[in-house]
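Here the structure is laid out as structure tokens; the discussion comes afterwards.
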Number of protein chains: 2
Amino acid sequence: MQTDRWPGLELRHLIALRAIAAEGSFGRAATSLGYTQSAISQQIAALERIVGTRVVSRPGGPRRVSLTEAGRVLQCHAEGIDARLQAAYADVAALAAGSAGPLRVGTYQSVGARVLPTLLRRFGTAWPDVDVSLTESADDGELLALVECGELDVSFCVLPMPAGPFEAVELLRDPYVLVVPAGSPLARRVRPPTLSELVELPLIGYRQCRTALKVESHLRVAGREPRIVFRSDDNGTVQGLVAAGVGVALVPRLTVDASDPAIALVEPGGQIPPRLIGLAWHRDRRRSPAAAALVEEARAVCREFEGRTAAA
Amino acid sequence: MQTDRWPGLELRHLIALRAIAAEGSFGRAATSLGYTQSAISQQIAALERIVGTRVVSRPGGPRRVSLTEAGRVLQCHAEGIDARLQAAYADVAALAAGSAGPLRVGTYQSVGARVLPTLLRRFGTAWPDVDVSLTESADDGELLALVECGELDVSFCVLPMPAGPFEAVELLRDPYVLVVPAGSPLARRVRPPTLSELVELPLIGYRQCRTALKVESHLRVAGREPRIVFRSDDNGTVQGLVAAGVGVALVPRLTVDASDPAIALVEPGGQIPPRLIGLAWHRDRRRSPAAAALVEEARAVCREFEGRTAAA
DNA sequence: AGAGTCGATCATGCAGACTGATCGCTGGCC
DNA sequence: GGCCAGCGATCAGTCTGCATGATCGACTCT
């Protein structure tokens with residue numbers, strides 16, 4: 001343990017450092033932690049004595065203090081340690097709940113509608129004791145944040161992931177399709193529309209989805225700004241707007257309910273890279289047998305799913 | 001910080017837990033930490049009060065204590081936190097040393113002889129202030145352990161790496177070649193020798209190299225046990241033994257000094273996957289500009305190197 | 001049954017963490 | 001230019017709480 005390098009270092013020192021970084025002042029950090037300014041002053045003094053370097057630069061006078069470079073490095077590691085403690089807490093809590101404990105899964109609409117039903121049904125028969133709880137969000141970054149702080153055990157996500165203490169497996173490649181009204185002339189076309197044709201169309205887009213931004217910037221490569229006539233994060237709404245003739249939508253196939261007679265799907269021409277859907281978990285957390293089984297089951301379900309759509 | 005989940009938790013509790021896991025007894029853990037048994041007893045009691053679960057199972061009587069499952073989970077996270085603290089220490093120490101500080105690089109013989117000279121020469125002219133110190137080992141696991149505890153900044157390694165808090169880039173693919181004595185009939189063969197022919201030959205192997213084991217098990221697939229007539233970890237020795245006619249050696253091309261007139265190189269037939277050489281660093285440590293530059297320079301050097309050998 | 005080993009517990013002593021008050025410094029304001 | 005407000009450093013005092021040492025109870029092995 002750190003015994004041999006930084007004897008005397010305590011978590012409370014790192015907590016104080018972090019509070020100072022957040023508040024920009026010893027006094028405010030103190031009140032935010034329920035201490036007095038004097039206590040914080042002494043804690044930082046102790047910390048600096050331990051690490052042997054100044055970690056907070058005090059400009060003097062009524063100016064905000066800031067971390068030195070060493071302080072910033074230290075704070076970064078403090079965040080990592082904090083994350084690890086959160087993971088430990090989540091693990092111990094999960095262990096205390098036992099195998100009957102909840103398995104908390106993050107998901108979003110498209111995955112939820114297509115692969116989750118099958119997955120949950122199969123998993124439920126294999127692990128009847130585990131009760132799965134779902135958390136849905138339109139933005140997978142939000143879900144990953146919950147995974148990071150231990151409030152979710154696994155979560156669907158779009159690959160590549162933002163940086164963080166995560167591990168993930170790729171589940172399936174979800175190609176983009178163009179959703180058009182059923183009667184549209186586009187639906188009868190033989191040649192797929194090119195990227196530059198796509199840019200000309202009135203598009204219905206998402207509001208805050210990370211993948212949607214990527215697709216739009218992809219369209220932008222064609223030279224012109226895509227014309228987004230409406231934004232919604234609800235797949236049903238997007239599809240309904242297309243059916244109503246408001247515009248067309250370039251969306252991952254999984255988000256589409258293909259049985260809707262009011263719309264038709266068109267393969268877009270330009271090579272738009274498919275959306276990669278994965279299943280992610282906390283790198284540093286213990287993988288419970290149930291969670292591991294869920295991941296395996298999800299892979300199996302998605303393999304079948306891809307096989308089916310490829311055959312169709 | 002953990003303030004909000006486990007108030008009162010201190011590093012010393014985790015240290016005590018770890019000592020108990022290592023020693024198997026409160027008393028021995030106490031003496032190993034310089035405490036009394038009573039103190040350890042109270043620390044574990046406090047820890048269990050904080051996390052809300054028993055973390056050490058005390059069988060009673062003169063039997064070894066052991067960690068409960070929760071305890072083991074906690075200890076695993078404690079190791080991670082310890083590693084993070086070591087990384088923090090290394091980072092702060094490196095920062096204190098300034099840009100003139102040492103850049104400690106782990107390497108092994110073959111890389112050292114072929115790519116390091118060029119790399120160091122170029123890096124030295126670009127970063128004259130940085131003094132690079134080298135640590136050599138025949139086993140890259142040893143080097144990675146030094147990276148993990150912060151005593152090396154970057155290290156060459158063979159991919160895929162053992163698990164650990166590492167990141168790495170692939171530098172080059174190093175194909176295996178068969179080293180035979182210069183006069184050997186093998187050197188004049190047109191068709192490359194097959195795997196099953198290789199197994200028949202007297203082989204000179206390595207002693208403790210992780211990659212060597214992989215190659216030998218690869219040969220074993222051919223059905224028969226390869227006949228290792230001698231083992232050495234020194235590339236020069238291996239090559240000398242081949243030259244002396246003791247046997248032949250199946251080694252990565254980088255380890256061979258091709259200018260030696262006493263030996264000849266033969267392309268082996270069976271598809272032996274090439275050795276992948278990478279450069280690894282600690283995932284959680286700050287990448288100093290010098291270290292990042294070294295990595296980039298190494299990639300450049302190896303790209304050229306591969307181009308040259310591919311052309312030859 | 002007795003000896004020996006181990007952890008739990010209790011009273012005690014003490015280090016060190018926090019408090020509250022005070023001082024010195026700096027920048028902004030009149 | 002002088003005053004004031006805000007900030008951190010410092011110091012003495014208090015008190016929490018950690019470690020100590022002795023003792024007790026539990027258990028195993030002989």
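Chain letters run A, B, ... following the sequence lines, proteins first and then strands; every chain starts at 1.
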**OP:** With DNA chain D as reference, determine whether B:Arg49 or A:Ser38 sits nearer its 5' end, using the nearest nucleotide of each.
**Re:** A:Ser38

Original post:
Between D:dT20, C:dC6, C:dC18, which nucleotide has the shortest distance from any of its atoms to the side chain of B:Ala39?
Top reply: D:dT20

Original post:
Between atom CD in B:Gln43 and atom P in C:dT9, what is the gap in whole Å?
Top reply: 16 Å

Subject >> Interatomic distance where CD belongs to B:Gln42 and P belongs to C:dA11 [whole Å] >> reply: 12 Å

Subject >> CZ/A:Arg299: more than 12 non-hydrogen atoms of other groups inside 6.0 Å >> reply: no

Original post:
Separation of A:Leu33 atom CG from C:dA17 atom C1', in whole Å?
Top reply: 14 Å

Subject >> Length of the line joining A:Ile40:CD1 and C:dG20:C1', which is rounded to integer Å >> reply: 16 Å

Original post:
A:Arg84 and A:Asp284: salt bridge (charged side-chain N to carboxylate O under 4.0 Å, His left out), yes or no, with the steps?
Top reply: CA-CA 7 Å; A:Arg84 199 66 197 252; A:Asp284 295 329; 3.7 Å; yes

**OP:** Calculate the interatomic distance between B:Arg54 atom CZ and C:dA8 atom C1'; express it in whole Å.
**Re:** 10 Å

Original post:
What closest approach, in Å, do A:Val147 and A:Ser155 show between heavy atoms, and which atom pair accounts for it?
Top reply: CG2-CB, 3.6 Å

**OP:** Spell out yes or no: do the side chain of A:Gln37 and the base of D:dA9 have one donor N/O and one acceptor N/O closer than 3.5 Å?
**Re:** yes

Original post:
Picking from D:dA19, C:dC6, D:dC7, which would you name as closest to the side chain of A:Arg28?
Top reply: D:dC7

Original post:
For residues B:Thr68 and B:Ser57, is any side-chain donor paired with an opposing acceptor at under 3.5 Å?
Top reply: no

Original post:
Between C:dG16 atom P and B:Glu10 atom CD, what is the distance in whole Å?
Top reply: 14 Å

Original post:
Roughly, in whole Å, what's the span from OH in A:Tyr35 to C1' in C:dG16?
Top reply: 13 Å

**OP:** Not counting sequence neighbours, list each pair that qualifies as a ring pair (Phe, Tyr, Trp, His ring centres under 6.0 Å) and has a residue in residues 61-95 of chain B.
**Re:** A:Trp6-B:Tyr89

Original post:
About how many Å separate CD of B:Gln75 and CG of B:Asp82, when rounded to the nearest 0.5 Å?
Top reply: 10.5 Å

Can you name the atoms? Protein N/O to nucleotides 28-30 of chain D N/O, anything below 3.5 Å, with the distance.
residue	atom	partner	partner atom	Å
D:dT28	OP1	B:Arg63	NH1	3.4
D:dT28	OP1	B:Arg63	NH2	3.1

Original post:
Is the shortest side-chain N/O distance from A:Arg58 to OP1 or OP2 of D:dC7 below 4.0 Å?
Top reply: no

Original post:
Can you name the nearest heavy-atom pair linking B:Ala94 to B:Arg285, along with the distance?
Top reply: CB-NH2, 4.2 Å

**OP:** Mind calculating the distance between CZ (A:Phe26) and P (C:dG20) to the nearest angstrom?
**Re:** 19 Å

**OP:** Ignoring the backbone of B:Ser41, work out which of D:dG8, C:dC10, C:dG7 is nearest its side chain.
**Re:** C:dG7

